[in-house]
Amino acid sequence: MTETGRGACLCGAVRFSTFGKLRAVSACHCSQCRKQSGHFWAATDVLENELELHDADNLSWYVSTPGYRRGFCKTCGSLLLWKCEASDKISVSAGSFESPTALKLETHIYCADKGDYYEISDGVPQFEQGCK
Ligand SMILES: [Zn+2]
Ligand SMILES: [Zn+2]
């Protein structure tokens, strides 16, 4: 399999490689992503079986809503992963990938829930809710 991306958390305790096609990046403005990331959260996704985690013992998972969990580094707190249990895909933080990423931001989602302290003005399509 060909590696399509690789990355790590801030401290490097959790590293990953992706194999297979990465989705265009979505920036999620929902309140959960804003709280966990500190702003909005930009992520791609990949089939879960095409994500290889190294040192997954250093990951901690938080179930934010039943059926959904968020993975972050136990040491540095970097938000890395978001998983919907009903999906065969897993979302991976765009900001955790090494450059060059070949990724591109193509959608803003859950804009109805965005913070009141910023405007989205980059011309990228905006969706009130998710876009799938
Ligand atoms: Zn870390
Ligand atoms: Zn979100």
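Bear in mind the structure is a predicted one, so any value in this text is a computation, not a measurement. Counting convention: from 1, in listed order, for ligands and their atoms alike.
The ring-ring contact (aromatic ring centres under 6.0 Å, His included) test with H29 is passed by exactly one of W41, Y117, Y110, Y118: Y118.
Of the inter-residue distances, the one linking E3 atom CD with T18 atom OG1 reads 6.5 Å to the nearest 0.5 angstrom. Atom CD of residue E85 and atom CZ of residue R69 lie 4.0 Å apart, to the nearest 0.5 angstrom.
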Problem set entry | Criterion side-chain hydrogen bond (donor to acceptor under 3.5 Å, both in side chains) on E50 and T4, from CA distance to verdict | CA-CA 10 Å; E50 293 177 335; T4 51; over 6 Å; no
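Take a cut-off of 2.8 Å around the Zn ion (ligand 2): the protein N, O or S atoms inside it are C28 SG, C30 SG, C33 SG.
Protein N, O or S atom count below 2.8 Å of the Zn ion (ligand 1): the structure gives 4.
Closest of all the heavy-atom pairs between G20 and V46 is O-CG2, 4.4 Å. The minimum heavy-atom distance linking S26 with L105 is given by the pair C-CD1, 4.0 Å. The two residues I90 and E48 make their nearest non-hydrogen contact at CG2-CA, 3.9 Å. The two residues G115 and R34 have their closest heavy-atom pair at N-NE, 3.3 Å.
Not one N or O on the side chain of D45 forms a donor-acceptor pair closer than 3.5 Å with the backbone of K89.
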